[in-house]
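As the structure is a prediction and not an experimental result, all values here were calculated from the model.
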Amino acid sequence: MKMRLVSRDIAFYPLIFVIWTIIIVAMHGNHSYFGMPLPAMEVRQNDSDYYRPASGGFNMVQAQKALAGERNPKERARILEAIGIACFDKYRTERAPQYLDSAQRYVQEAVTSAPDVPGYYYNLARICTEKKDFASAKACYEKAAAVDPKNYMSYHNLGLLSYYEFKNPDMAKSYFEKALSIDTALPIDNYLLAEIALGKKDYSAAALHYGRELQLYAAGLSARATVMADQASLRLAATLSALELAMLYSSATPNEQLANSYFGAYLKLETDQQRRQNSINEFQKRHPGAGVPAP
Amino acid sequence: MTPQAPHDKNAPGFFSSIPQATWVRVLIVLQLSLLAWEFYPDLSTNGDDARYYLLGQAMREGKGYRQIQLPNAPVETGYPIAFPLLLTIVSFVSSSIMVAKIFLALCGALTTLLCYFLFKNHLRRLLVPMLALWAVSSLMVEFSSSLMSEIPFLLFSILALVLYERSAADPKNAWLFWLTIAVSVVPMHCRSVGLAFSAAWILNTLVDKRYRFALAHVGMLAVTVVVFHVFTTWQNSYLLQLVQKNSYAPDLGYVTVADMLERIGQNIKAYGLSIVSQSLIPLPYAFPPFAKTIVSALCVALILTGWVRGFFGRMRFASLYVFLYFGILVMWQFQWSSERFVVGVLPFLYYFLLSGLDALMSLVVPAKDASLARKFTAGSEAPSRAGGIVVWAVVAIIGFFNVYNQPKDLHLKRYLGPDWRNFYSCADWVRINAPQDAVVMSRKPELFYVRAKRTGLVYPFTHNTQKIIDAIDSMRVSHVVLDNFAWTATSGEYLYPAIRSNPGRFKIAYALNNPPTVVYEVVKR
């Protein structure tokens with residue numbers, strides 16, 4: 001190699017690397033990756049209420065003590081948010097408005113202490129939504145999305161707010177599309193996009209989104225997303241998607257085979273007996289003589 | 001080693017009395033200081049570094065290229081072998097995580113030295129500013145402080161290019177030629193995106209009419225790929241991930257041409273509007289969005305200018321390589337697009353940025369050379385003092401934002417939340433109390449294995465509780481860790497219902513509070 005070597009560099013770099021290594025070993029040499037387990041809690045066997053996801057086992061007194069002794073703003077924000085969410089959970093159990101006010105106050109303080117954490121804005125938005133202060137909720141979700149552009153849950157919730165509260169389907173559409181561009185397996189968003197498309201008589205887009213919603217549910221993929229929706233809501237979105245597809249293929253873009261197939265899928269999903277009967281009547285009206293499976 | 005660089009006679013007199021070699025020494029000392037400040041001897045909580053570490057350990061223990069943290073230790077199909085192989089070599093010195101991380105940090109510093117060798121003939125007065133940006137880059141520090149393959153990938157890419165220049169200048173040296181070829185295939189075996197490096201290598205050597213470099217590279221690549229697959233497996237999960245719609249939802253199927261075009265569009269937007277500029281200039285979150293947009297637009301415009309300049313100038317390889325590299329990145333699934341992927345070409349992007357700025361200054365600031373086109377293509381050959389001041393001012397600002405970001409990253413890396421503290425405590429409990437052949441179901445089996453020394457697996461992500469019970473039985477799981485992670489709700493969503501609906505199958509062995517976290521012993525049928 002025609003590499004021009006400078007003699008002092010032959011010594012310099014190995015030396016500096018060795019010195020650096022010695023410093024690091026001296027600083028961290030006695031660090032152990034392993035630890036001793038923390039003292040265990042006394043728990044009765046089969047105490048199914050012991051484990052509560054998230055803040056179920058939150059110790060408010062301990063958290064308040066930790067907060068009083070904490071000076072680091074980021075750490076304070078974390079504790080403030082934890083207390084706020086515990087208050088929010090308590091509100092949802094007991095429905096006492098003072099818990100909701102406390103939750104808002106704590107999470108707002110967390111936001112002030114650490115304005116760069118998207119989760120704090122997100123939780124503040126959830127609290128504002130619960131208080132029906134939709135304008136503030138929207139602002140908080142937007143802030144969460146601005147801080148973390150991949151926060152699909154913020155876009156999802158902005159879509160829901162725009163659709164249900166602000167009655168602005170165009171705005172809702174853009175938010176749902178944004179959410180789905182980040183996580184294609186988000187449930188409900190496709191259903192609402194289809195509803196928006198149906199409202200505009202864009203049947204092909206409606207069919208596409210209903211189909212995706214149904215496909216997601218059928219594949220059990222909706223379960224993956226951490227959307228704050230229970231299984232019943234997810235199933236309802238899929239059920240109604242199947243029904244709308246059956247009706248779409250019965251009237252707007254007729255295709256008897258697809259209509260029958262989707263109506264069969266709908267009947268498998270439907271749990272509401274009244275709606276089921278109404279749908280069967282409507283379907284038979286559109287397809288006289290169509291064989292409908294027994295409930 | 002650093003050669004004594006000649007003084008740049010055309011330099012604008014700005015720090016020009018200090019030889020470049022001295023600058024490099026100062027910068028590497030500065031870089032090592034930052035790396036020492038950021039150094040922490042633990043694995044991160046993302047799990048990828050634990051997997052690399054365990055692959056290295058598996059080979060060190062003679063178990064082959066296998067995932068020893070899983071029951072039955074299946075062959076690894078996802079991660080390329082070069083980095084785990086390096087970790088295996090390091091583990092002969094010591095198998096501690098800290099020693100592996102020291103090695104990685106030194107690789108980061110070596111990369112700076114290699115960048116000097118690579119760019120010194122092309123950048124002249126922009127060389128030191130470019131090296132300064134790389135040496136304080138927060139991404140460089142982050143990835144030199146974690147057991148990830150990005151820094152070794154970059155190290156071997158640059159080493160291959162440095163050797164190529166030497167070998168091309170000394171064509172009769174067969175040893176150097178074959179060393180160059182051997183090193184040139186390492187990027188491909190270090191990260192799958194190294195395919196871009198190989199493609200750029202072949203194209204560039206063909207254009208240069210250095211056919212033996214192209215042929216030898218193709219031959220060496222074919223041999224190493226075949227050998228690797230013969231001894232491991234022919235499966236390649238990266239190719240599968242490229243064509244899947246969403247790897248977290250495999251049932252969605254594969255992408256169509258329209259889906260792929262949509263994905264490419266989304267990725268171009270994401271990389272163009274934020275990821276690339278944020279990688280080079282990590283502005284704080286609180287920075288006004290409009291200012292971020294302006295900085296981002298400027299950054300991308302300068303990079304593109306530098307890219308064009310490089311393509312038609314003396315750095316055609318860099319331009320070609322970065323183009324192909326991003327060509328692969330934009331086809332990757334959108335949810336994975338991040339600054340992490342930019343690290344592999346970060347010095348090249350800093351080079352383009354400065355080269356673009358230099359071109360701009362050459363057009364704006366009057367210089368001796370009259371031709372506009374000449375000023376654009378050879379700005380650094382027609383320097384001005386004002387241009388030098390502007391370049392250094394920009395470097396100072398970018399450097400400030402990079403260093404400013406680091407204490408925050410440091411806190412995030414070193415701080416373990418209560419959810420993680422409890423999870424690790426469960427691992428400690430299992431290591432001390434569970435039998436050696438225990439199989440543990442948990443959310444992060446690789447991190448759990450490193451700490452608990454027990455194999456394990458993740459529970460299936462399904463609401464079908466029977467499927468989870470079936471997985472427990474079929475894999476002979478003896479313990480289940482019900483965590484309470486703040487970053488994911490999957491354990492509460494999938495595992496908890498399975499435990500709750502089968503109370504007779506689980507016995508609490510160890511429980512913690514704040515947040516509630518439990519180790520269950522599985523009762524055999």
Side-chain angles (χ1 to χ4, degrees), chain A residues 1-6 9-10 12-13 16-17 20-21 23-25 27-29 31 33-38 40-48 50-59 62 74-75 78 115-116 146-147 149-150 181-185 215-216 219-221 223-224 226 231, chain B residues 1-4 21 25 28-29 32 36 39 41-42 97-98 102 106 109 113 166 169-170 176 245-246 248-249 251-252 266 274 284-286 289 334-335 411 421-422 424-426 428-429 431-432 450-451 461-463 482 484 489 492-493 496 500 503 507-508 510-516 518:
Chain A
M1 262 193 294
K2 266 188 168 177
M3 199 177 281
R4 298 196 309 155
L5 299 177
V6 176
D9 274 347
I10 294 172
F12 178 79
Y13 288 112
I16 196 83
F17 285 2
W20 188 86
T21 304
I23 291 171
I24 295 297
V25 172
M27 282 167 68
H28 303 284
H31 172 86
Y33 190 71
F34 307 105
M36 290 302 290
L38 298 167
M41 299 294 297
E42 286 293 325
V43 184
R44 281 182 292 112
Q45 290 298 335
N46 300 327
D47 180 358
S48 56
Y50 171 69
Y51 179 85
R52 282 173 191 275
S55 58
F58 191 79
N59 187 330
Q62 216 174 62
K74 299 262 178 196
E75 192 58 20
R78 197 186 62 74
D116 56 352
V147 174
K150 288 197 176 177
S181 75
I182 301 167
D183 186 343
T184 51
Q215 192 188 12
L216 279 175
L221 299 173
R224 190 182 74 72
T226 50
Q231 274 300 298
Chain B
M1 301 305 126
T2 311
Q4 183 73 57
R25 283 183 220 121
I28 287 180
V29 170
L32 286 171
F39 191 90
D42 278 340
I97 293 165
M98 186 177 72
I102 286 174
L106 295 179
L113 197 55
R166 310 279 172 195
D170 185 10
L176 180 58
K245 279 189 178 172
N246 185 340
Y248 295 120
D251 294 339
L252 276 178
Q266 283 176 339
S274 63
Y285 282 127
F334 181 65
Q335 73 267 20
H411 176 76
R421 278 202 292 269
N422 281 4
Y424 280 143
S425 183
C426 289
D428 289 329
W429 185 89
R431 188 183 69 253
I432 293 166
V450 174
R451 190 125 173 174
F461 288 2
T462 171
H463 278 165
L482 184 57
N484 218 323
E493 201 170 341
Y496 181 50
R500 196 159 183 171
K507 205 173 98 186
I508 294 177
Y510 176 66
L512 293 166
N513 210 347
N514 287 336
V518 188

Residues B:A36 and A:W20: closest non-hydrogen pair is CB-NE1, 3.5 Å
Between B:F334 and A:S181, which heavy-atom pair has the shortest distance, and what is it? CD2-O, 3.1 Å
Is it the backbone or the side chain of [X] that comes under 4.5 Å from a heavy atom of chain A, or both, or neither?
X	answer
B:I102	both
B:L32	both
B:V450	both

Counting C-beta onward and ignoring hydrogens, is there a side-chain heavy-atom pair between B:Q266 and A:I182 closer than 4.5 Å? no
Within the structure provided, determine whether A:H31 and B:D42 are in side-chain contact (heavy-atom separation under 4.5 Å). yes
Mind checking whether B:F39 and A:H28 have parallel, tilted or perpendicular rings, split at 30° and 60°? tilted
Atom OH of A:Y13 and atom CD1 of B:I28: how far apart are they, to the nearest 0.5 Å? 4.0 Å
